[in-house]
Student: 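Sharing a structure below in structure tokens format, with a few things to ask.
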Amino acid sequence: MNVDYGHRPQQWSRGFFNCGGSFCTCCITWCFPCITFGRNAEIVDEGRNSCLSHCIVYGLLWTIHFQWIYSCMYRQRLREKFGLPEEPCGDCCVHFFCGPCALCQEHAELKSRGFDPSKGWIGAPTAAPQVPPSMTK
């Protein structure tokens, strides 16, 4: 698997209202957006913070209806990392008006670039697998 960090302007791999192309992700995101956000944020953070910690912060902010501020910061980081445009409108606007659609789109983008958010951060997908010494010549 290759990771495309995109140093040139690119397009999102899925449309905003496409639900990320996965019915399962769509359902999880609509019922428990903190889970999808936590998974996405752990990958964008490159494992600096766990899915659980992101999920808890998102959940606490959700109780006062300010989760969209936290999630829009991570959308911006994801866009900058992969050189994606601010579509269909600004990051905070997207998360304020349709957070679940934004989270699904971000999840699909990570998957299309070789990451598996459901597994968490295990390193860049291009990292060579570790071979035990007994398997080398």
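On a predicted model such as this, the values are computed, not experimentally measured, just so you know.
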Student: If you compare the SG positions of Cys34 and Cys55, is the separation below 2.5 angstrom?
Tutor: no
Student: Sub-3.5 Å donor-acceptor pair from the side chain of Trp121 to the main-chain atoms of Ile43, do we have one?
Tutor: no
Student: Find out whether Pro85 and Trp12 are in side-chain contact, i.e. whether some heavy atom of one side chain is under 4.5 Å from a heavy atom of the other.
Tutor: yes
Student: Flag the pair Lys111 / Glu106 as yes when at least one side-chain heavy-atom distance between them is below 4.5 Å, and no otherwise.
Tutor: no
Student: Do Ile69 and Cys92 have side chains that get closer than 4.5 Å, going by heavy atoms?
Tutor: no
Student: Taking all non-hydrogen atoms of both residues into account, name the closest pair between Arg75 and Glu87 and its distance.
Tutor: NH2-O, 3.0 Å
Student: Given side chains that start at C-beta, do those of Tyr58 and Leu103 come closer than 4.5 Å, heavy atoms only?
Tutor: yes
Student: Does one side chain, of His95 or Ser71, offer a donor that lies under 3.5 Å from an acceptor on the other?
Tutor: yes
Student: Can you give me the closest heavy-atom contact between Glu42 and Gly120, atom names plus distance?
Tutor: OE1-CA, 3.7 Å
Student: With a 4.5 Å limit on heavy-atom distance, are the side chains of Phe97 and Trp68 in contact?
Tutor: no
Student: Rounded at 0.5 Å granularity, tell me how far SG in Cys27 sits from CZ in Phe32.
Tutor: 11.0 Å
Student: Whether the side chain of Trp30 engages the backbone of Cys101 through a donor-acceptor N/O pair (distance < 3.5 Å, no angle test) should be reported.
Tutor: no
Student: Both conditions, 6.0 Å and 45 degrees, for the charged tip of Arg77 above the ring of Tyr74: are they met here?
Tutor: yes
Student: Going by the angle between their ring planes, with limits at 30° and 60°, are Phe37 and Tyr70 parallel, tilted or perpendicular?
Tutor: tilted
Student: Could you go through the disulfide bond (SG atoms under 2.5 Å apart) check for Cys26 and Cys104 one step at a time?
Tutor: CA-CA 6 Å; Cys26 186; Cys104 285; 4.8 Å; no
Student: Between Asp116 and Ser118 (side chain of the first, backbone of the second, donor and acceptor by atom type, cut-off under 3.5 Å), is there such a pair?
Tutor: yes
Student: Using only heavy-atom distances, determine whether the side chains of Asp45 and His54 contain a donor-acceptor pair under 3.5 Å.
Tutor: yes
Student: Do Phe82 and Leu110 come close enough that some side-chain heavy atom pair is under 4.5 Å?
Tutor: yes
Student: Would you say the side chains of Glu109 and Gln105 form a donor-acceptor pair under 3.5 Å?
Tutor: no
Student: Which residue is it: Val57, Ile56, Ile64? I am looking for the one with a side chain to side chain contact (heavy atoms under 4.5 Å, CB included) to Leu60.
Tutor: Ile56
Student: Rounded to the nearest 0.5 Å, how far apart are NE2 of His107 and CG of Asn40?
Tutor: 6.0 Å
Student: Distance-only, no hydrogens or angles: does the Arg79 side chain make a donor-acceptor pair with backbone N or O of Leu84 under 3.5 Å?
Tutor: yes
Student: For atom CH2 of Trp62, is the number of surrounding heavy atoms from other residues, nucleotides or ligands below 6.0 Å larger than 12?
Tutor: no
Student: What is the minimum heavy-atom distance between Asp91 and Glu86, and which atoms define it?
Tutor: N-OE2, 3.3 Å
Student: When you measure from the side chain of Ser53 to the backbone of Asn49, do you find a donor-acceptor pair of N or O atoms at a distance under 3.5 Å?
Tutor: no
